[in-house]
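Note sheet for the following structure.
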Protein chains: 2
Amino acid sequence: MADDSRPGTRERILDSSAELFRRQGYNGTGVKQIVAAASAPFGSVYHFFPGGKEQLGAEVIRTSGAMYIELFAHIALQADDPLSAIADFFDGAAATLTETDFADACPIATVALEVASTSETLRLATAEVFDSWIDAAGAYLQAAGVAPGRSRALAVSMLSLLEGAFIFCRAGRTTEPLEHARRSAVALIGAELPARP
Amino acid sequence: MADDSRPGTRERILDSSAELFRRQGYNGTGVKQIVAAASAPFGSVYHFFPGGKEQLGAEVIRTSGAMYIELFAHIALQADDPLSAIADFFDGAAATLTETDFADACPIATVALEVASTSETLRLATAEVFDSWIDAAGAYLQAAGVAPGRSRALAVSMLSLLEGAFIFCRAGRTTEPLEHARRSAVALIGAELPARP
DNA sequence: GTCTATATCTCGATAGAC
DNA sequence: GTCTATCGAGATATAGAC
């Protein structure tokens, strides 16, 4: 009888790849390192991903992107109001950074910058994910009361603050930039929210 | 008689490396590619940089970082006021992005994310550069009238907006995020500047 | 100092036994 | 589907002729 509690080989490869790409980037991670981390045979990568490393990368980008939206949704559900939800998300990101010794920030930013000018397939995958984030954040802000014509611009600015702060945090091994970014994001969005009762 | 107008081998290696690291990252750029772009013999890299690729990387990070500060200083000198200087810098970054087919954004961000958890030597170089940027931007904002206790936080937020927008611009091949980030940066800083006559 | 040839290693990918 | 052996190409780095 099979051990259904243990993820299948394909899923383990996906999970290990996501973690390694997030921390070391795409070019800095070898297929051999991936299969070692996943405790999978080398050939399985090419069995499950006939397109090789690039196909694996594209799939990791998309699944990681979807998971990150769900993480925000999860935090937003528990918050009292939209501004607190945003602050909580920034705080959660800072906590993750500290817990992982500043390894885990954005799941796809490193890869996005690496492939932007070198792999059209992977660039498109990152573009789609970022678009989905901006759409989701924009819809969330609009539901919170931001004017429809301003929601997308604010979503982009909020996510830019997050992504930019991630770079400084990882380089300097400090969560201070994320705290400044959080405060600015809240100020920026708070200024375009209808006054609360 | 030597041709003094042509940069020396060492400088050509540094310049080519800076351009390639900026566009493809550190791991995505090979030493062979660098010497080919610099029209330099392979051995020269190890002659001028005995520490190999890592020493070359560290030097590129520091010189690129210093040049980027000078670029901002140059733009700031020509602007009428601080808020225009900031807007001009964002606009210039967008123009560079368009001119280079979305290849040239931040000179060190890709490398910074790649090496943050894999090379302490290079991570420290990126941290020093980012610190110098934050210090310079903070001093500039303070001179413009921002309260001393707020200048660093605003500098970090402004640079985060820039860096984050760069990621989205390169991934999506559009300068739209940079325009939203510019507007947000101006709003954020304008709100903490003393009213103008 | 310049340049080439090469050593050594690791990469992504494939073939084929089981 | 699992796993190993191996391929050819590319990587970084070094040795040594000029």
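Letters A, B, ... are given to chains in the order of the sequence lines, protein chains preceding strands, and every chain is numbered from 1.
- B:Phe89 and B:Tyr68 have perpendicular rings, their planes meeting at more than 60° on a 0 to 90° scale where under 30° would count as parallel.
- Here the P atom of nucleotide D:dT12 and the CD atom of B:Gln55 are 15 Å apart, to the nearest Å.
- B:Tyr46 has a side-chain polar atom (N or O) that falls below the 4.0 Å cut-off from OP1 or OP2 of D:dA13.
- Using a 4.0 Å heavy-atom distance criterion, B:Gly43 is classed as a base contact.
- Classification of the B:Tyr26-B:Phe21 ring pair by plane angle, with boundaries at 30° and 60°, yields tilted.
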Checking side chain to side chain donor-acceptor pair (under 3.5 Å) for the pair B:Gln24/A:Thr118: CA distance, chi angles, key distance, verdict? CA-CA 7 Å; B:Gln24 312 179 337; A:Thr118 55; over 6 Å; no
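- Extent of DNA chain C lying under 4.0 Å from chain A heavy atoms, first and last nucleotide in 5' to 3' order, is C:dC11 to C:dT14.
- Using cut-offs of 30° and 60° for the angle between ring planes, the A:Phe42 and A:Tyr46 rings count as tilted.
- Residue whose closest nucleotide on DNA chain D sits further toward the 5' end, between A:Lys32 and A:His47: A:His47.
- Among the protein residues, A:Phe48 comes within range of the sugar-phosphate backbone only, with heavy atoms under 4.0 Å from sugar or phosphate atoms but none that close to a base.
- B:Phe42 has its CZ atom 6 Å from the C1' atom of D:dT12, to the nearest Å.
- Using a 4.0 Å cut-off between charged side-chain N and carboxylate O, B:Arg123 and B:Glu120 make a salt bridge.
- Atom CG of B:Leu97 is separated from atom CG of B:Leu178 by 6.5 Å, given to the nearest 0.5 angstrom.
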